[in-house]
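Only heavy atoms go into these numbers, but all of them, side chains included; no hydrogens, no water, no symmetry mates.
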Amino acid sequence: MGNIVGIFNTSAFDGTIDSDFLKVGDISLKAKASHIDYSSNDFEEYRASLITYLKAVYPDDYNNFVESDLGIMLVEMFAYLASVLSFKADMLANENFISSVQAPENLRKLLQLIGIALKGPVSAKSSCTLTIDDGAKVSEDGTQSLIIESGNRSFSVDSNKDTGRLSYTMYKVDPTGAIELTEPNISLVASESLNQAGLIFSNLILLEGLLKKVEGTFGTLNTLHTIVLGDSSIVEGSLYVKVGTDVYNEIENLFLADSDDLVFSKTYSDDYSATIVFGDNIRGKAPAAGSAYEVYYRVGGGNRGNISPGAINVSIPAVNQDPEIGDILVNVTNPSKATGGRNSESVEHAKRWGPNFFKTQYRAVTGDDYTSFANQFVSTVGQSGKSIAVLRSSGAGSNMIDIYTVAFADEVDGVQAQLERAPITYKNELLKYLDEYKMLTDEVTIVDGLIRTLDIKATIFIDKTYESFEEDIKRAASAKILQFFDLSRREFGEKVRADELNRDIFEIPEVRFSKIDNLRDDDIKLNFNEILQLNNIELNVVLV
């Protein structure tokens, strides 16, 4: 049999086979889009959505869903990327609105758009006693005085709240209670001492923060003069400027100034360094071109300055003008607790009061306007507080506005927990501040608010399995109670409900339920001029 050649002709076969069967798996773009889950938000949801999409659109191309497969790795990488981008998008949206912003630097920029500035750190304050050795006392005839130069008015002490150091600056107080900001040196005469004996002086005050001085000369070309202060944590209310013999004081906004007012405004940076801006002879008097200036301010502030009595006991240099005595050392102590120190304005406080302050448009008309101004106020003596404006309802006194106020004293574990009666200097400065914004026919009176204290006695019920963590659970419950009574969020006349406090304690995972033993379920009712302050906490634990 011979060979058979050419029976099978394969020369025209190109390797492809046309089949209608393969078209069964073909899905249109419109159909693919119908399988997209747009509700996914986090990594797990994106991962599940991608796998569901793969199963629906590519059932014959991919079906190996084990964790070690390369395809699953790519799915998880895309899920990770999508969750990060989704979070960033949500964050950017939230940070564009005052009601939802979280980052202080973003809140500062939003408030700047409406002309509102975040408040910087506030100094703690304390009374001061200066004692001179009997052999170097100030002469009683008044011909000589004791001089404490500006460079010696500040000193550092160990903090009794942490391991760091604290700086305090001494100021002289005049008979009205106002501190003398504009004098670089402190001068004391015998008639100002106790019993006029020239040995012990108490007409002084200590404010936390290191006193700084910056000197310079204004340019000759600039029409709007500014001074940039590079130090961070510049204390609120501590700035004043001397240009020749003129003293410039800080104002909320230069648009409120007349052409001859010696004022400036400041703008904080993120680290609370500051830029001072002067007027242009239309809104505020402009310093003369080429004139020399001196800027005085303190650096520090914050709640760590609230130290205990007697924590300061230092000797500082002074000069007795009696030529036979000359240079001496004097002893400085703080007989009272330092109070009022606060960190820079919190996001929560700024979000609440910033828009309210903007609505006033720098004019106090309604009671809410007066309340907003009073709660934004920070005095030069390192004090801020809580206030409420009450309009008298009688016909003859309808233009009388009573501002009930108390001052912040100290914090506990970062929570504003203590108030005190506002000092006379604070009330005088608050009254002067409100006089700039009040209606012409209004009469403003500053009145002491009433502080009501409350002890909390509570029982918390936990599982026996958590017995070894009892102390930790009690600390967590104490923190919840402290936060509930945070005075920075409490207002005058605000009701306090025991069931709301129980709800906060119940948020602790280990707590089954809790009971406030010394309170009924009824509200704690306060009068309009009263504010509630937590005093003591007593916690009992029952194992169930």
Side-chain angles (χ1 to χ4, degrees), residues 108-109 111-121 123 149-151 153-154 169 171-172 178-187 207 209-301 361-363 376-380 429 432-433 435-437:
R108 179 180 292 106
K109 294 171 183 176
L111 291 177
Q112 283 176 350
L113 294 175
I114 58 175
I116 306 298
L118 283 175
K119 299 295 184 182
S123 287
E149 297 177 344
S150 60
R153 289 170 52 192
S154 291
T169 299
Y171 290 88
K172 186 178 178 179
I179 63 174
E180 297 182 358
L181 284 172
T182 59
E183 295 298 327
N185 300 331
I186 293 178
S187 177
L207 296 179
L210 179 65
L211 184 64
K212 291 288 192 88
K213 176 183 178 181
V214 171
E215 297 179 288
T217 304
F218 291 112
T220 57
L221 301 178
N222 298 331
T223 56
L224 186 64
H225 296 299
T226 61
I227 300 173
V228 178
L229 304 176
D231 290 304
S232 59
S233 298
I234 293 177
V235 171
E236 190 72 48
S238 66
L239 276 164
Y240 74 94
V241 181
K242 293 184 71 174
V243 181
T245 58
D246 292 334
V247 176
Y248 284 70
N249 294 302
E250 185 179 347
I251 193 173
E252 195 81 42
N253 195 313
L254 286 174
F255 288 103
L256 304 173
D258 294 327
S259 59
D260 57 349
D261 288 344
L262 300 176
V263 293
F264 63 85
S265 65
K266 76 168 183 306
T267 302
Y268 274 128
S269 301
D270 290 344
D271 61 351
Y272 290 96
S273 57
T275 299
I276 297 174
V277 181
F278 294 89
D280 55 2
N281 289 325
I282 299 176
R283 296 297 183 184
K285 183 178 179 181
S291 58
Y293 62 79
E294 296 176 353
V295 183
Y296 295 88
Y297 57 95
R298 294 192 312 280
V299 172
Q361 293 297 295
Y362 297 102
R363 179 57 59 193
Q376 285 287 94
F377 173 71
V378 178
S379 78
T380 59
E429 291 187 2
K432 182 179 179 181
Y433 173 76
D435 281 343
E436 298 179 6
Y437 306 107

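Using a 4.5 Å heavy-atom cutoff, the side chains of K266 and E236 are in contact. Here the side chains of K119 and Y268 are not in contact, with every heavy-atom distance at 4.5 Å or above. In this structure the side chain of I186 never reaches within 4.5 angstrom of the side chain of E180, judged on heavy atoms. Using a 4.5 Å cut-off on side-chain heavy atoms (C-beta onward), L207 and I179 make contact. Side-chain atoms of S150 and K213, non-hydrogen and from C-beta on, never get closer than 4.5 Å to each other.
Between the side chain of Y240 and the backbone N or O of L181, at least one donor-acceptor pair lies under 3.5 Å. The closest donor-acceptor contact from the side chain of H225 to the backbone of V277 lies at 3.5 Å or more, if one exists at all. For the pair R153 (side chain) and T169 (backbone), a donor-acceptor distance under 3.5 Å is absent. Checking side-chain atoms of N253 against main-chain N and O of F255 turns up a donor-acceptor pair under 3.5 Å.
Within a 6.0 Å radius of CG in L113, other residues, nucleotides and ligands contribute more than 12 heavy atoms.
Counting all heavy atoms, side chain and backbone alike, G279 lies closest to A286 at O-CB, 3.2 Å. Residues E149 and N185 approach most closely at CA-OD1, 3.2 Å, considering heavy atoms. The minimum heavy-atom distance between P287 and F218, with the atom names listed, is CB-CE1, 3.5 Å. A257 approaches G284 most closely through the heavy-atom pair CB-N, 3.7 Å.
Judged as a side-chain hydrogen bond (donor to acceptor under 3.5 Å, both in side chains), the pairs with a partner in residues 278-295 (not counting sequence neighbours) are, in order, E294-Y296.
Interatomic distance, OG of S265 versus CD of E252, reported as 9.5 Å (0.5 Å rounding). For the atom pair CG (L118) and CG (D270), the distance works out to 9.5 Å, reported to the nearest 0.5 Å. Between atom CZ of residue F377 and atom OH of residue Y433 there is a gap of 8.0 Å, rounded to the nearest 0.5 Å. Taking CG of L210 as the reference point, atom OG of S154 lies at 5.0 Å (rounded to 0.5 Å).
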* Apply side chain to side chain contact (heavy atoms under 4.5 Å, CB included) to F278 and L224, showing your working. => CA-CA 7 Å; F278 294 89; L224 186 64; 5.7 Å; no
* To do: Test side chain to side chain contact (heavy atoms under 4.5 Å, CB included) on I251 and D261 and set out the steps.
  => CA-CA 10 Å; I251 193 173; D261 288 344; 5.7 Å; no
* Asked: After noting the C-alpha distance and the side-chain angles of V241 and I276, does the key distance pass the side chain to side chain contact (heavy atoms under 4.5 Å, CB included) rule?
  -> CA-CA 9 Å; V241 181; I276 297 174; 4.1 Å; yes
Could you go through residues 226-235 and list every donor-acceptor pair under 3.5 Å that involves a side-chain atom there, pairing it with any protein atom two or more places apart or in another chain?
residue	atom	partner	partner atom	Å
D231	OD1	K212	NZ	3.1
D231	OD2	K212	NZ	3.4
D231	OD2	Y297	OH	2.6

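Taking 4.0 Å as the cut-off between side-chain N and carboxylate O, E183 and K172 do not count as a salt-bridged pair.
Looking only at atom types and distance, the side chain of S273 has a donor-acceptor partner in the side chain of D271 under 3.5 Å away.
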